[in-house]
Amino acid sequence: MTDTAPTAPELLALRHQIDALDRDLLALLNRRASLAQAVGEIKKKEGSVVFRPEREAQVIDGLKQVNAGPLRSESVAPIWREIMSACRSLETPTRVAYMGPAGTFSEEAALGYFGASIVRMPCANADEVFHVTTSGAADFGVVPVENSNEGVVTRSLDLFLTTPLFIIGETSLMVRQNLLRSIDSLEGLEAVCAHPQALAQCHGWLSNHLPHVERRPVSSNAEGARLASTNPALAGIASERAASEYGLHVVGRAIQDDPHNRTRFAVLTHPDRHPRPGRSGHDCTSLVVSVVNRPGAMHDMLVPLKRHGVSMTRFESRPARSGQWEYYFYIDLQGHPEDPPVGTALAELRTVCDFFKVLGTYPLDTH
Ligand SMILES: C=C(O[C@@H]1C=C(C(=O)O)C=C[C@H]1O)C(=O)O
């Protein structure tokens, strides 16, 4: 079938109806945008913040519940995230720092969470994301914290310990890695340049298909793609978006060893500029704690959670680097401190820990 084929009159009539509906939708969206602007004026007078993640989560949850179809429920969140992003941008610009350059999965995560109507602030690494978000040059920072294949992103977790920033949200991405090159072939390839995490995620594929090609770790996958775009002897490993960003061919598609490879990101902000999100009804609380190394210490730590029936959805440990075999424990709990069992469990937990820091409490990912 070609585009020059005669078009059935029924199809033309349906398209006519779609065009009319789109105009109605646009008028409705503009009415919504005007209301958001009015909300923005009130916030300005009150001196309160624009971005309200718990409100946005409730808007999406509410619409998913009443969705009568045929639109799939999974389609509701991305559509409304963009609508709310556009409305929010009329209240104030949202400046978001993430690990750049353009085309990284961190950028994709930032756009997925805040929508496209943001001011993008690509940074060289996680340290810089924390730095610009702490200084106020960015309103929010997005950093990877965990990969379903490779485990925790240690630098991010270590930075959480000392930062004044707190987690305001989370988002996760399906990570599909591709081998990218300026020529459309594997011939004459000398090195694959990518972030060490991506090289590890594609270890099996690289060993099978390119056993004799050097694997060269670089600061980000986008940097690898940039290098590949300047030298045909090099390849990068990155997203399809990076391929179009750097004008590269996809010479190996979805080459990550795990087809369900996901990366989870934390969204951070500063307590002087943003209140902690209120209860949305589907929340997560992240904390980091440590206890001195004595028999039963770990058990004592878990007792308050069990006693108050609070579910733990994540438990990671990181060496405290004291040389004493001491550890920090990164814990995610289901619920918000305003939910009585969670608040009480946290208060009790604090009394048995030597170090106790709530990293954030935020609505669960609405994807
Ligand atoms: C309009 C508001 O401001 C922002 C935009 C929202 C929206 O478009 O629905 C929701 C929450 C805020 O992040 C609001 O607070 O209600």
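Ligands are counted one by one from 1 in listed order, and the atoms in each one are counted from 1 as well. Starting from 1, each residue takes its place in the sequence as its number. None of these values were measured; they are calculated from a predicted model.
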For [X], take its heavy atoms, then give the atoms of ligand 1 lying under 4.0 Å from any of them.
| X | value |
| --- | --- |
| Glu91 | 1 (C), 2 (C), 3 (O), 4 (C), 5 (C) |
| Cys87 | 8 (O) |
| Phe51 | 13 (O) |
| Lys43 | 2 (C), 3 (O), 4 (C), 12 (C), 14 (C), 15 (O) |

Could you check whether the rings of Trp205 and His209 sit parallel, tilted or perpendicular, using 30° and 60° as the cut-offs? parallel

Between Phe51 and His274, what is the ring plane arrangement, given parallel below 30°, perpendicular above 60°, and tilted in between? perpendicular

N/O donor-acceptor pair under 3.5 Å between His249 side chain and Val251 backbone: no

Specify the protein heavy atom at minimum distance from [atom]: its residue, its atom name, and the distance to 0.1 Å.
| atom | answer |
| --- | --- |
| atom 9 (O) of ligand 1 | Arg32 NH2, 2.8 Å |
| atom 6 (C) of ligand 1 | Glu56 OE2, 3.9 Å |
| atom 12 (C) of ligand 1 | Val50 O, 3.3 Å |

Do you know which of Lys45, Lys43, Gln37, Lys44 makes side-chain contact (heavy atoms from CB on, under 4.5 Å) with Glu41?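 Exactly one option meets the side-chain contact (heavy atoms from CB on, under 4.5 Å) with Glu41, and it is Lys44.
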
Applying ring-ring contact (aromatic ring centres under 6.0 Å, His included), can you list everything that pairs with Trp80, at least two apart in sequence or on another chain? none

Can you list the residues that meet the ring-ring contact (aromatic ring centres under 6.0 Å, His included) rule with Phe355, with sequence neighbours excluded? Tyr328

Measure Leu35 to ligand 1 on non-hydrogen atoms and call it side chain, backbone, both or neither using the 4.0 Å cut-off.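 The answer is neither.
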
Could you see which bit of Arg55 sits under 4.0 Å from ligand 1, with heavy atoms only: side chain, backbone, both or neither? side chain

May I ask you to check whether Phe265 and Tyr113 place their ring centers less than 6.0 Å from one another?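 So the answer is no for these two rings.
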
